[in-house]
Structure formats: structure tokens, C-alpha cells
Amino acid sequence: MERTETNRLMAQLLFPHITKTPEDYEAIYPPRDLPKGAMVTRIAPSPTGFMHFGNLYGALIDERLAHQSGGVFYLRIENTDAKREVEGAVDVILTSLNAFGLSFDEGATAGEDKGAYGPYRQRDRAEIYQTIAKDLVERGLAYPCFCTEEDLQAIHDKQEKAGANYGYYGEWAAHANITVEEAKALIDQGKPYVVRFRSPGKDGNRIKYKDLAKGEIEMPENCNDIVLLKSDGIPTYHFAHVVDDHFMRTTHVVRGEEWLSTFPYHLQMFDAIGWEKPAYVHTAHMLKFDEGSKRKLSKRKDPEARLTYYLQQGYPSACVIEYLMTVLNSNFEEWRRKNPEADLDEFKFKAEKMGIAGAVFDIDKLNDISKNLICKMSGEEVYVATEAWAKEYNPEFHALLTRDPAYSKAILSIGRGGKKPRKDFTVWSDVPDYMAFFFDETFTTDYPFPETMPKEDILKVLQEYPANYYDENDDQQTWFNKVKELTEAMGYAVDMKAYKADPTAFPGSVADISAVLRVAVTGRTASPDTFAVMNILGKDKVLARLNKAAEEL
RNA sequence: GGCCCGUUGGUCAAGUGGUUAAGACACGGCCCUUUCACGGCUGUAACAGGAGUUCGACUCUCCUACGGGUCACCA
């Protein structure tokens, strides 16, 4: 195909308002001046106001690739479909990714776009696409198509009957040979039209491409004259992708494997236009178990598909990233075990190492990572993170938590810092329950005392202990020694081994006596170390609670 | 239905022709222990099925089954 006079007339007819040429844009968006090996990546979400877990998954790959190579990671908004656009969606994208520690070097922001390769919203780039489309028409590589929805449906039906492949190609391409005069007549009648690509593909040809994640893939060459510009002059995804990633000088396109089937379009367009192709990374989907089989994580059915879910639950953002890294690069876990404190930047992420099959989302694993991450934090850090979470998602608890910060911090410091840190919570939303008995407002008095103990013994402990043993100044050892003294005085077993060897020899053991104290003070059978709890509650509260328990017995 | 991608224990996975087929999570047992949590030790458990290539196949080829994706003027 070449720039015949007819083609030129057609281009002029279709795009009378376009004055720039592709070369102009080549000059406006020159190749980036980056060190060798630097990757330019992007995420290009639709502004639907919803951020899927998969968005973060892809974004993390992009971000790692760009930032560990000294490249650029940018945000482009794919708003070519006006129907799906939601107000404020860009802000949602930015804040949710920020919450997980990902930030962009350039692209769309809540305000003005930032960067020299913009605009970064596709609707604002209409002229660029049209310039390229015009050039393609001039070169005979594109043409207008006036088919209506009904026309296309009719073609589809005929193809179905004839057993032919669906699509707009070859003999089925009704307007492939439309003349300038015909086109002009239809335009004058006010008929809407799209601009289609004239595919150079041949039936039966096969193409090969090496995808960075999937490896070698082979498929039939595209023969479809796909739509470049919709009737409103805005490009389809396919055309926008090719034009944008060329002019924005993207080096690596990371996207979900749902794009594999239209991949031949893209490759063909790059070749036909004469542009260098980026490298591609087609990622497998996150799956979910549903009634015995695996399926894609669904935003309608699965709460964990939403990015906001993790924020609401109160997962530390770093743990979600850690989890994703373990899914993305299987050698990450091993590396992490060897370098528990190292910054993520020190891990060498490789697109080639990514799993090719879809991974089932494993919430147990996420939880484990989260627990292990939280248990390394100090009481102070836990307090800060919990406070931030509660402020947003649990105002009632937030009020309690911040009423006396020193008190709350002391509670959250129990059992931390040692070699065997407690792992009481996996998410910040576990904290309110964990702390509940420290506040009178949320202290509950079901008192699950040991069932094997007679009431009078329980009462005796509740009265004897504060009267004759309790001293708020005791250290841990003295404290426990006194519990043992009381145990002995009541004829219960102090030596657990002896008790276990012959439980019938005693009415009970030191475990029972301890349990009574714990239940009275905390209202539950499971709690952190009772000594620590008493220390934090303070003498007055401890005495009051022992007293209250005795009264309610 | 056409086309494409995939299939190692319950889950995530290492593994690239010769391995006792790692490890992590989950689950079970034992130990530690004043509860809980932690920790230590330990156990159950896998190459979807069938042909072929080969001295030898989890690894290569083909077929089947199953799962996923896609067939728009949506992305």
C-alpha cells in the first residue's frame, strides 16, 4: 500500500481538521533519555472507581520492573469508553495504590497530569490517534466503515450459517473497497462511521511471539479489519494501546492474559505502522475456589477482590505486597527468610520467574505473612498503625484507644520484642477484641471459671488473693510464687507434673487457681500473661474486678 | 463451537531427561507451658489420564480429559 492520490483524498475527507503528522508527534515525544536497561512501564486502568486486587498485582510488577531498573512507572487513564467513567475515579486509583506504597513517576494525578509524555488521559489524546489514523488512511492501511450494528449482526449470522470464522475480514469486509465518492455521499447524509484497519494478515499464517511470562506463544495471524476509531472519533483499546505505548515510549507492557487473544492485533499494528514493539508480560489471573472448581476472583462475589477490603480489615500494606511477591516470584520467600530486614528493593524481581498458571488466592498465607510482620513491630508501631486504621474504620474503638495513649501502648507492648513474640493478631481489626477487657466499657462478665472447681473454692481465691497475696509492686517471679503459695494453702497441686501423674490426688492444680484470677480480671480464659495484664490495669482496677467477680459469682 | 493459555500434595510452589520429587502455608501428633499465643520436634499428602521418543521421562511430542480466557464501535 502506498500514498496514492485517492488515499490522500480519503484521508482529507475523513480528517479535514488534522494538520499534524506522525513526525510532529515523534518530535514532541522523543525517545526517553534513560540509562541502558531502564524499563518504562505503566498501569492503564479504566476509571470505573473500583480497584481490583488484580490491579495491584499488575501494578506491583510494573513498579518493580521500572524502579529496580532505574526506569519510569506511570499512570495512564483508559477512559475511551465514556459510559464506564466515574467521577473521582482517578483519585481512587491513586489513593488505593498509595496505600500499598506504590507511587508513580508521571502520569495522571488528581489534578493536572504530570510528565512530558502526556496528556495521560486517552480522551484528551484524540488528536494524536486521529493523526495516526489519518496517516494510515493515506497509506491505504485504514478505511471508513459505515456498517450499522444491524449490518454487522447480519454478517455475523451469515458467517454462522456458512460456518465461517466470525469477524470483519476479506470478502466479509463490506466497505474495504469503498470509494472516496461513496464515502463522501454517506458522510453528507450524516451517516456515522468508524475507521477500520486494513489487516495485511493472510488466512492460515501463524505468528510467534516470546512473552516474558508465558514464553513462546504461537497463534493465527490476525485477518480482521478491526476498528481503530469508534464513530465518536475515540479509539478502541487496541489502537489506543499501540499509539500510546509507542509515543509514551513504554518498553514493557504488563497486562492480564485476557489480552492474549487480541494480541495478534497489536503485534500486527505495530508492524504495519512501522513502530518498534514493546516487550510483553501477560499475567495469569488470581483465582478463587468456588464450589469445587477454580475461577477468576470476581468483584461481585468476592469481597477480597476489592482492594479496599484489605484496608478495611486492616492488613498492614507491606504484608499484602509481601504476599504478592511470594506469588509473583517463587524465590522471594527464600530470599526473605535469608534477609528478614532487607528492603524490597534489594530483591531482584524477574518477569521471567513469574508463574504461568493462575494462582488460587490463599488467604491463609496472607494471614501468616501478616502475623509474622506484625509480631516484629514494636508496641509503639502497632499503636500508630492501629490508630490510623481505627480512625478510618472503627471510630468507636478509636475513641477508647486514644483516650489514654500511654495505657494503650502499654497493652500493645505485651509480649513484644522478645525472641518468641506473641502473634495475637493478623489484622488491625483484631485489636479491638484483643484489647476489649482493658476498658471497662467493653469488659464482659460471663466469667467462664473452671467448671471442675467448687464455687466456694473460687470465692476463696477471689477473696484470699487480694487480701493476703496481691502486691502491685511484685515482680513476675514473686507474683507467681504467691499464686503458688495460695495454691498450696488451698490444698491444690503446685507441681503440674505431679498433678498430671495423678489428678485424683488433688482437688485441682495451680492452673485452676491461675485460671480463676485470669477469668476474674479479664473475663475470659484466653489472654496474655495475667501478671502483665494486672500490671497494666493497676491496683485499683484489679481489686475492683476481683471484687466484682466475687459478687457476681 | 473456533482460537489461545494452563494442569506437581488441600493451597502456593521448586524442579528443564537419571532427585529418597525441596520448601512455605494449612492440617494432625508429641514436647514446652499457670490460659492463650509463641517455639521445638514430627507426621499425612503430589507429577490429570493415555500413547509415543528414549537405556531412562514430572521434564520432549501427540491425543484425551478438566480448568481458564477470548471471540464488540468494553476495556
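Quick caveat, the model's predicted, so the values are computed rather than measured. Residue numbering restarts at 1 for every chain, and letters A, B, ... go by the order of the sequence lines.
- With a cut-off of 3.5 Å on both pairing distances, B/U59 has no Watson-Crick or G-U wobble partner at all.
- Heavy atoms of A/Arg337 sit under 4.0 angstrom from primed sugar atoms or phosphate atoms, though from no base atom.
- Within 4.0 Å (heavy atoms only), A/Thr80 reaches sugar-phosphate atoms of the nucleic acid but no base atom.
- What you find for A/Ser527 and A/Arg518 is that their closest heavy atoms are OG-NE, 2.9 Å.
- Position along RNA chain B of the nearest nucleotide to A/Thr530 versus A/Tyr323 favours A/Tyr323 as the more 5'-ward residue.
- Just one residue in the list A/Tyr209, A/Trp259, A/Phe263 forms a ring-ring contact (aromatic ring centres under 6.0 Å, His included) with A/His282, and that residue is A/Phe263.
- Separation of the A/Tyr129 and A/His246 ring centroids does not fall under the 6.0 Å cut-off.
- A/Leu228 places its CG atom 13 Å from the P atom of B/C74, with the value rounded to the nearest Å.
- Separating the CG atom of A/Leu366 from the C1' atom of B/A24 is a distance of 14 Å, rounded to the nearest angstrom.
- A donor-acceptor contact under 3.5 Å is formed by the side chain of A/Arg422 with the base of B/C36.
- Comparing A/Ser514 and A/Val194, the nucleotide of RNA chain B nearest to each residue sits closer to the 5' end for A/Ser514.
- Residue contacts for A/Thr525: at a heavy-atom cut-off of 4.0 Å it reaches a base atom on one of the strands shown.
- If you check every strand for non-hydrogen atoms under 4.0 Å, A/Asn331 touches nothing.
- Using a 4.0 Å heavy-atom cutoff across all strands shown, A/Leu229 reaches no nucleic acid atom at all.
- If you check every strand for non-hydrogen atoms under 4.0 Å, A/Arg336 touches nothing.
- Heavy atoms of A/Asp368 sit under 4.0 angstrom from primed sugar atoms or phosphate atoms, though from no base atom.
- In this structure, B/C30 and B/G40 make a Watson-Crick or G-U wobble pair, each of the two defining distances being under 3.5 angstrom.
- Contact annotation for A/Glu85: no contact, since no heavy-atom pair falls under 4.0 Å across all strands.
- When ring centroids are compared, A/Tyr323 and A/Phe361 come within the 6.0 Å threshold.
- For B/C25, the OP1/OP2 oxygens have no side-chain nitrogen or oxygen of A/Lys371 closer than 4.0 Å.
- Per the stacking criterion (ring centres < 5.5 Å, plane angle < 30°), A/Phe480 stacks onto the base of B/U34.
- Distances shown here put a side-chain N or O of A/Lys230 below 4.0 Å from the OP1 or OP2 atom of B/C74.
- Among the atoms of the strands shown, only primed sugar atoms or phosphate atoms (P, OP1, OP2) are found under 4.0 Å from some heavy atom of A/Ala511.
- No hydrogens or angles were tested; on distance alone, a donor-acceptor pair under 3.5 Å links the side chain of A/Ser231 to the base of B/C73.
- Residue contacts for A/Cys147: at a heavy-atom cut-off of 4.0 Å it reaches a base atom on one of the strands shown.
- Within the 4.0 angstrom heavy-atom criterion, no nucleotide atom of any strand lies near A/Glu334.
- Residue A/Ser261 has no polar side-chain atom (N or O) positioned under 4.0 Å from OP1 or OP2 of B/C4.
- Note on A/Arg255: nothing from the nucleic acid sits closer than 4.0 angstrom, heavy atoms only.
- Pairing for B/A14 is absent, with no Watson-Crick or G-U wobble pair whose two atom distances lie under 3.5 Å.
- Using a 4.0 Å heavy-atom distance criterion, A/Ser527 is classed as a base contact.
- At a cut-off of 3.5 angstrom, the base of B/A24 holds at least one donor-acceptor pair with the side chain of A/Lys365.
- Within the structure, a side-chain polar atom (N or O) of A/Arg196 is placed less than 4.0 Å from OP1 or OP2 of B/C73.
- Residues A/Phe425 and A/Tyr434 bring their aromatic ring centres within 6.0 Å.
- Relative to the six-membered ring of A/Tyr168, A/Arg196 meets both conditions, a distance below 6.0 Å and an angle of at most 45° to the axis.
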